[in-house]
Amino acid sequence: VRVAPRDTAMPSAANNSSSSSASLEHEGTQDKVNGAVEPATVCVMADDYNENACLQGAACDILASVIAWAVAREGVPLNVSGPLVIADYGASHGANSSVPAIAAAQAFGSLRASSGLPSVDSVLMVQDLPENNFTELLKVTKSALPDSITPVAVGGSFYERVLPRNSLHLGFSSTAMHWLSSPVPALLEGDIFPIQALGSDEAFAFSDRAASDWAQLLRMRSEELVTGGLLVLANLARTDYGKTGSEALYNLMSRTAKNLCAEGVITEKQLHRLTFNDWYRSRAEFEDPVALAAASLVVERHDTEFVRFPMEHATSDPEAFAQKITDYARGWSESTVFSTFSHPASSGSGTEGTAGELTRTFFERVRLSIQENPSAYDSPLFYSFLVLRKV
């Protein structure tokens, strides 16, 4: 395990404004289960997600280097008669799709040239849920890609097959597959992120869903991949000791919601409904031998490392740091918070202000708390970089 170096400049992926794969793979609402409050599940990326996806961009830069390594080892069959087919699963608004795709196309081109084969063009399939902003996604990716790579949008869930069978040469994804396929009918007591409750009965419901989701996802990718094709994935993860790097931020967001409830600003029903439908897998969960064997996939390489936010140290400019971290969190969590505060309050208890006002209050409190003690939130996040090959 190593820590990626801090870079005070924006990484190349973010500079190219090309896509972070942090899209959500679920939507809608979950009915009450045994009379319990249903969890919030309406989730989409914020409109300014691309501008605040600096961490995802840093992870994509590492992912691009892993892709280049994998292709150079002849992980992709050279006998391609048509275009090289590449796919980004969970492309969101497009901030980081181009860097890994260009790395794949260049490595493949070099490999073919060294074998005396002519170059071929590439097609980049950018996948996300149908509700995603595909206009923005295609606009951003097309502007960042060379003419030899053509982006094509694909609407659907990556827990389903979204490409023709045996058509894909290389698939990749970054910071997306921690989101689960559908709402888990379990509510967390006092926490809003399942990983905070690691080891509890409630958390088991999320880990169980994550395991079945992972097996399903691998089977769908295997159906799409050609024999010898590659799947290269960068995902938020947890260490063998349960550490993710997100602990301070997640605890702060949970504490902020609890304080709003204690003050009567939101209701207990709304507090309990605020649950994020995700799971940070361990190395063992990523390398589940049963799931891999069922999908005819083998592990070629699996690295883990802590990835830092590409910005100055927290103490150099606490106000700017707090705004940056808050914007990062808001980019992927705002819709869940908003949908929670939009939910009708329980009887006998009113809600002060509109959902929009409450959401702004929530994130402003998060920002001010970070600004008061910025070094507590200057923590790298733990990532898994996994290379799989279809056999």
Side-chain angles (χ1 to χ4, degrees), residues 10-27 43-61 63-64 67 80 82-106 108-109 119-164 167-177 179 217 220-221 224-225 231-234 327 331-332 334-335:
M10 294 298 287
S12 60
N15 279 341
N16 287 339
S17 295
S18 58
S19 108
S20 173
S21 307
S23 97
L24 302 186
E25 284 294 317
H26 57 279
E27 59 172 330
C43 304
V44 294
M45 297 296 98
D47 289 341
D48 58 354
Y49 178 81
N50 278 350
E51 288 77 7
N52 299 311
C54 59
L55 173 75
Q56 297 91 324
C60 271
D61 282 345
L63 176 65
I67 288 174
V80 175
L84 177 71
V85 179
I86 308 168
D88 178 9
Y89 295 97
S92 190
H93 294 177
N96 301 308
S97 287
S98 66
V99 170
I102 291 171
Q106 288 179 342
F108 185 70
S119 62
V120 295
D121 286 349
S122 302
V123 173
L124 172 61
M125 317 297 289
V126 282
Q127 173 275 333
D128 213 293
L129 290 172
E131 295 77 16
N132 187 56
N133 186 344
F134 281 100
T135 300
E136 177 70 10
L137 172 55
L138 288 174
K139 175 184 174 182
V140 170
T141 51
K142 190 169 181 61
S143 66
L145 292 170
D147 291 340
S148 59
I149 305 178
T150 302
V152 178
V154 180
S157 167
F158 52 54
Y159 291 109
E160 303 168 351
R161 184 170 60 80
V162 294
L163 300 177
S167 65
L168 177 66
H169 300 109
L170 185 145
F172 69 87
S173 181
S174 179
T175 323
M177 293 174 176
W179 298 110
L217 183 148
M220 296 301 98
R221 301 295 78 76
E224 297 166 349
L225 282 166
L231 187 61
V232 188
L233 308 173
D327 287 344
W332 49 262
E334 183 176 50
S335 64

Could you tell me the separation between the [atom1] atom of [X] and the [atom2] atom of [Y], rounded to the nearest 0.5 Å?
X: Leu145; Y: Leu138; atom1: CG; atom2: CG; answer: 10.0 Å
X: Glu224; Y: Leu168; atom1: CD; atom2: CG; answer: 6.5 Å
X: Thr150; Y: Lys142; atom1: OG1; atom2: NZ; answer: 6.0 Å
X: Asp88; Y: Phe158; atom1: CG; atom2: CZ; answer: 10.5 Å
X: Asp327; Y: Glu334; atom1: CG; atom2: CD; answer: 9.5 Å
X: Tyr89; Y: Arg221; atom1: OH; atom2: CZ; answer: 4.5 Å

Side-chain contact test, heavy atoms from C-beta onward, threshold under 4.5 Å: evaluate it for [X] versus [Y] and give yes or no.
X: Leu84; Y: Leu170; value: no
X: Ile102; Y: Pro146; value: yes
X: Asp121; Y: Ser148; value: yes

Closest heavy-atom pair and its distance - [X], [Y]:
X: Leu233; Y: Phe172; value: CD2-C, 4.4 Å
X: Ser92; Y: Asn132; value: O-ND2, 2.7 Å
X: Pro100; Y: Leu63; value: CG-CD2, 4.1 Å
X: Ala101; Y: Leu124; value: CB-CD2, 3.8 Å
X: Asp128; Y: Gly90; value: OD2-C, 3.5 Å
X: Ser174; Y: Ala59; value: OG-CB, 4.1 Å

